[in-house]
Enquirer: 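So that we are looking at the same thing, I have put the structure below in structure tokens.
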Amino acid sequence: MRLATWNVNSIGARLPRFLPWLEEMSPDVVAVQETKTASFPVIPGYEVAHAGDGRWNGVAILSRIGLTDVDLVHEGHPETRLVSAQCGPIHVTSAYVPNGRSLDDPHYPYKLEWLAELRRRLDRFSGAQPLVLMGDFNVARTDDDVWDIKAFRDSTHVTPAERQAMDELIDWGLVDVVPRPGKGDRPFTYWDYRAGMFHKDLGMRIDYVLATPAVVVKDAWVDRPTRKGTGPSDHAPVIVDVEVGP
DNA sequence: ATGTCATCTTAGAGATGA
């Protein structure tokens, strides 16, 4: 079974890349972030659960192995940043964690509270069930998950509080499925559009696949080629091949 | 280390966000 997560930075703008990518990779389940639309396009072969209200945010789950128990509500947070559903044997969540903007911006405590609510939400599930929480977390878990930690002094994405919030998700009973890098020795998943950052491989690992141990990972990698070429997203997909025991 | 990209407003460049 193949799972993928991809922040597409507008599904409308990305459709010319998204459809051929679906054909090529043939994932069974896709978690999409930053759809930036109120209405997700119809995708032949897939059922879609989408939470989107227009200009910003927006998350979706595409599945060709069943899509039930759809939940679009993240308690206390009206923005469309979370959708979950049962996809065949696996409970899947697509998350788009708030950016935080800067340490003195109200968006930063909002980000921390949003992550805390996500952690509380896990308590409705069992750590023994097959469950995958994936998406754009806007946190680099270690200093090696950014191209140069010195460039992140007094920045969001790397603070102890953000990293602790990620650790608390994982300590609930999830495994951080680290993908094979697309280039070099660090599995970056995001590169700013500006300043030739992608070309210089000055990236960040901020997209994650977090899975319970009941989800047996066979392979995981950053689909770096999809960040290349004409009209890419600023994020690369992460693709994970898994099996779920009987 | 901000050089791009996407969206919306409301008609064409600016604001916003990432």
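Letters A, B, ... are given to chains in the order of the sequence lines, protein chains preceding strands, and every chain is numbered from 1.
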Enquirer: A/Ala195: which residues meet the side-chain contact (heavy atoms from CB on, under 4.5 Å) condition with it, sequence neighbours left out?
Expert: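 Testing A/Ala195 for side-chain contact (heavy atoms from CB on, under 4.5 Å), a comparison that skips the adjacent residues, returns A/Met197.
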
Enquirer: Mind checking what makes side-chain contact (heavy atoms from CB on, under 4.5 Å) contact with A/Ala116, not counting sequence neighbours?
Expert: A/Glu113, A/Arg120

Enquirer: Just call it for A/Tyr96: base, sugar-phosphate, or nothing, with non-hydrogen atoms closer than 4.0 Å on any strand.
Expert: sugar-phosphate

Enquirer: Return a table of donor-acceptor pairs under 3.5 angstrom between the side chains of residues 66-74 of chain A and protein atoms on other chains or two or more places apart.
Expert:
| residue | atom | partner | partner atom | Å |
| --- | --- | --- | --- | --- |
| A/Asp71 | OD1 | A/Val73 | N | 2.9 |
| A/Asp71 | OD2 | A/Arg121 | NH2 | 3.1 |
| A/Asp71 | OD2 | A/Arg124 | NH1 | 3.1 |

Enquirer: For A/Gln86, what residues pass the side-chain hydrogen bond (donor to acceptor under 3.5 Å, both in side chains) criterion, not counting sequence neighbours?
Expert: none

Enquirer: Specify the closest pair of heavy atoms between A/Val139 and A/Tyr208, including all atoms of both residues, with the distance to one decimal.
Expert: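 Nearest pair, atom of A/Val139 first, then A/Tyr208: O-OH, 2.8 Å.
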
Enquirer: When the C1' atoms of B/dG3 and B/dC8 are considered, how many whole Å apart are they?
Expert: 24 Å

Enquirer: For B/dG14 and B/dA1, measure between their P atoms and round to the nearest Å.
Expert: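 Straight-line distance between the two P atoms is 26 Å.
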
Enquirer: Going by side-chain hydrogen bond (donor to acceptor under 3.5 Å, both in side chains), name the residues that satisfy it together with A/Trp147, two or more places apart in sequence or in a different chain.
Expert: none

Enquirer: At under 4.0 Å between heavy atoms, which parts of nucleotides 1-11 of chain B does protein reach? Answer with one letter per nucleotide, 5' to 3': B base, S sugar-phosphate only, - none.
Expert: BBBBSSBB---

Enquirer: Between C1' on B/dG17 and CG on A/Asn138, what's the gap in Å once rounded to a whole number?
Expert: 12 Å

Enquirer: How far, in whole Å, is B/dA15 from B/dT10 if one measures between their C1' atoms?
Expert: 13 Å

Enquirer: For A/Asn99 and B/dT16, what is the distance between atoms CG and P respectively, to the nearest whole Å?
Expert: 16 Å

Enquirer: B/dG12 and B/dT7: how far apart are their C1' atoms, nearest whole angstrom?
Expert: 15 Å

Enquirer: Quick one: A/Asn7 CG to B/dG17 P, roughly how many Å, whole number?
Expert: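 Rounding to the nearest Å, CG of A/Asn7 and P of B/dG17 are 17 Å apart.
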
